[in-house]
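Data block below; observations after.
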Amino acid sequence: MADVERQNAPTVTGAHNGAIMASCLVEVDESSAVVRLTGVLDAAGAEAVRGALLTRLADRPGPVVADVTGLRFVEPAGRGIFADIRREVADWPAADLLLCDPTAAGPTQPDSAAAGPAHSDSALDGVPAWPTLDGALAAIATTPLAAVLTAELAPAVGAARQARDLVNTGCERWGMPTLADPACIAITEMVNNVVAHAQTPMTVRLAPQETTLHLAVRDHSPRRPTFAGISPPSRAGGRGLLLIDTVTRRWGSSAVGDGKVVWCVLHPDDEAL
């Protein structure tokens, strides 16, 4: 039997078409990529759903399928949350959000991944959707995650070296030699920030996406990095984010349910002489 974790979004009570609005129930299937959402989703519950889905995406490499078959939307803000989440994880390594939405205008054979995703006429646009769960899972199965590396590290001396070893392995495996040095600089600073500030266990993940390399470090501290530009010479420290900003095409951070993900993207064109 699948191991399912249930999370309740905040309960909001009030009249809606003469009924009492219930909370949105989030069920995370730990044995698969599926997160089931049931109940009523309004603006108050949307942020809780966002946090639950981002946390699942941070903890599991690969696409996640949000099954909205049993979900009812009462406000536009609730519908837009899925496209927002997909944009949020676009630069994470090996992460994407798909939908199982029975209102999607499905292909003739919706269970066939080859038929491609369907898109509903609703405000869920911007997120690939299949009218059946089997169809969405088949789509994931056609693109297995061979190109992703992950390491669980303790916040201790030596963590940055282990992360660099992982980066060098990935760059060699994926034919990205020009990105090895800048990626090692970026991952060193990202990991050292966890060791120095968050002081929690961390997950280091990297994956290629066409010609770019995507790195991420997930920790369990809510404190997100802030970059205010070049530090004055008289200030001790504070140059780690400058290094990340210098060697990467773009970088950022995302709050998840019990911490954050700091990510960056490296492009080979930036290393051209």
Distance-only donor-acceptor hits, side chain of residues 259-267, under 3.5 Å, sequence neighbours excluded:
residue, atom, partner, partner atom, Å
Lys260, NZ, Asp219, OD1, 3.0
Lys260, NZ, Asp219, OD2, 2.9
Lys260, NZ, Ser221, O, 3.2
Lys260, NZ, Arg223, O, 2.7
His267, ND1, Arg249, NH2, 3.4
His267, ND1, Asp269, N, 3.0

query: Minimum heavy-atom separation for Trp251 to Ile244, with atom names?
result: CG-CG2, 3.8 Å
- request: Mind listing the closest non-hydrogen atom pair of Ala139 and Trp130 along with its distance?
  value: CB-CZ2, 3.4 Å
task: For the residue pair Ile81 and Phe73, establish whether any side-chain heavy-atom pair is separated by less than 4.5 Å.
output: no
- request: Start with the C-alpha distance between Val49 and Cys24, add both sets of side-chain angles, then the distance that settles side-chain contact (heavy atoms from CB on, under 4.5 Å), and finish with yes or no.
  value: CA-CA 8 Å; Val49 168; Cys24 173; 3.8 Å; yes
query: Would you call Leu166 and Ile187 a side-chain contact if the rule is heavy atoms closer than 4.5 Å?
result: no
statement: One should read off an interatomic distance between Arg161 CZ and Thr188 OG1, to the nearest 0.5 angstrom, of 11.5 Å
Under 3.5 Å donor-acceptor pairs involving side-chain atoms of residues 198-214, not counting sequence neighbours:
residue, atom, partner, partner atom, Å
Thr200, OG1, His220, N, 3.0
Thr203, OG1, Glu152, OE1, 2.7
Thr203, OG1, Glu152, OE2, 3.3
Arg205, NE, Thr150, OG1, 3.0
Arg205, NH1, Ala58, O, 3.1
Thr212, OG1, Gln209, O, 2.8
Thr212, OG1, His214, NE2, 2.9
His214, ND1, Asp91, O, 3.0

- line: Closest non-hydrogen atoms of Thr178 and Pro268, given as atom of the first, atom of the second and distance, are OG1-CB, 4.2 Å
message: Looking at every heavy atom in both Arg224 and Ser253, which two are closest together, and how far apart are they?
response: NH2-O, 2.6 Å
message: So, taking the atom named CG in Asp59 and the one named CG in Leu54, what distance separates them when rounded to the nearest 0.5 Å?
response: 10.5 Å
Heavy-atom closest pair, residues Ala186 and Val247: CB-CG2, 4.0 Å
query: Do Ser254 and Val89 have side chains that get closer than 4.5 Å, going by heavy atoms?
result: no
field: Gap between atom CG of Asp165 and atom CG of Leu149 - 0.5 Å precision
entry: 12.0 Å
message: If I take atom OG1 from residue Thr55 and atom CZ from residue Arg50, how far apart are they, to the nearest 0.5 angstrom?
response: 10.0 Å
field: Pairwise distance CG(Leu25) to CG(Leu37) - rounded to 0.5 angstrom
entry: 8.5 Å
Criterion side-chain contact (heavy atoms from CB on, under 4.5 Å) on Leu179 and Trp174, from CA distance to verdict: CA-CA 11 Å; Leu179 295 181; Trp174 303 323; over 6 Å; no
field: Validation row: Glu189, Leu241 side chains within 4.5 angstrom (heavy atoms)
entry: no
task: Answer yes if the side chains of Thr132 and Asp134 hold a donor-acceptor pair under 3.5 Å, and no otherwise.
output: no
field: Rounded distance (nearest 0.5 Å) linking atom CG of Leu97 with atom CZ of Arg56
entry: 12.5 Å
query: Quick one: are Arg86 and Pro128 in side-chain contact, heavy atoms under 4.5 Å?
result: yes
- request: Please name the pair of heavy atoms, one in Ala160 and one in Asn192, separated by the smallest distance, quoted to 0.1 Å.
  value: CB-OD1, 3.6 Å
- request: Check the pair Asp258 / Arg218 against salt bridge (charged side-chain N to carboxylate O under 4.0 Å, His left out), numbers first and verdict last.
  value: CA-CA 10 Å; Asp258 61 344; Arg218 186 256 206 273; 2.7 Å; yes
